Amino acid sequence: MKKDDAGLSTRCVHAGELDDPNGSPHTPVYTTTTFKFPDTAALLDVVEGRREGSLYTRYGLNPTIRSLEAKLASLEGAEAALAFSSGMGAEAALFLAHGREGVICLGDAYGGTLELLAEQLPQLGIRTAFVLGGELDRLDHLLAVGFGMVFLETPTNPVLEVFDIAALAEKAHAHGARLAVDNTFASPVNQQPLALGADFVVHSATKYLGGHSDLTAGALMGPQALLEPVWGWRKNLGTMPAPETCNLLARSLRTLVVRVRQQNASAQRIAEAMAGHPRVRRVLYPGLPDFPGHALAARQMSGFGGMLTLELDADTAATTAVVDRLGLFAIAPSLGGVETWSPSRSPPPITA
Ligand SMILES: *Cc1c(COP(=O)(O)O)cnc(C)c1O
């Protein structure tokens, strides 16, 4: 069996690992900034692209980074992947490389994504637009006037809105646009956007992929030819992850499937228990049969995720009091760790 044909949990462990001559079962950590060559001709072969090889760590041409990228690509069934220093680093490089004709953000998105799209990309002359789930006719109009990329999260934070990836990929492609899916909330265990027709998948690897709240990283997966221009942006923005972080992320990925399946099961049990509670007004969780996005989620996801939102039958003060009394929940803005996080949004932007 080739490693690429193996099941997801096997690929989490084995995909991308270097065959180390000293017998290390895992890719060694190359904590070096640069790589030496036997002579100038050998250096030029790599610099001028005649031969693949390690060269300089900021370029991502470091075996520890490349090994992680091969694993990340395999997890999303992608031809290639690029690792980044953060999820925002991955998104920024993607938009700079492929968003020049305009980016449409569909549905709610992560606070940093909204800030980048609403305030920063327009400063560079890149047009951006925001379309809610109930306004798909506006999406058609924006695609018709030449916007080149649709970006979305599914399920979304915090209301777990579920979007139809296959239908949206078809719609975008009919207009010559590309579809990018932020798969952070679902993880590759529960959802495979590329197989459904998306062109790109981005991840905040800080969340489920890292899974232990101890590393910050990002990932972009897609076709090799489309990732090449993104590679150029990452190289000169300098947003590659450190080899030490890549090693920690590869270590975490080996247990991704068991972690996420347990997180799915825990969230389902909590959602079901809370759905019957007299002081809970609404439970937003795609795994509940009466949730509006349930049928679509059941079709395009293989698990419903570890995130759920509770709406209490209480005012703000009483709701805050409930949050403050939770035993295992940390009051902190993140998700996907083996710890339990409160359903918090990203912190407000720091203003000078
Ligand atoms: C956290 C998050 C991001 C940003 O990731 P960082 O690693 O913090 O840069 C992007 N999208 C989603 C859905 C997130 O939850």
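On a predicted model such as this, the values are computed, not experimentally measured, just so you know. As the structure lists them, so they are numbered: ligands from 1, and atoms in each ligand from 1.
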Residue list, side-chain hydrogen bond (donor to acceptor under 3.5 Å, both in side chains) with Asn247, at least two apart or on another chain: none

On the six-membered ring of Phe147, is Arg127 placed so that its NZ or CZ lies under 6.0 angstrom from the centre and within 45° of the ring axis? yes

Compute the ring centroids of Phe151 and Phe95, then answer whether they are less than 6.0 Å apart. yes

Can you find a side-chain donor-acceptor pair between Glu339 and His212 that sits under 3.5 Å? no

Check whether any side-chain heavy atom of His98 sits under 4.5 Å from a side-chain heavy atom of Leu226, and report yes or no. yes

Those protein residues which place at least one heavy atom below 4.0 Å from ligand 1: Ser86, Gly87, Met88, Glu91, Tyr110, Glu153, Asp182, Thr184, Ser204, Thr206, Lys207, Ala217, Leu335

Closer than 4.0 angstrom, basic N to acidic O: yes or no for Glu17 and Arg254? yes

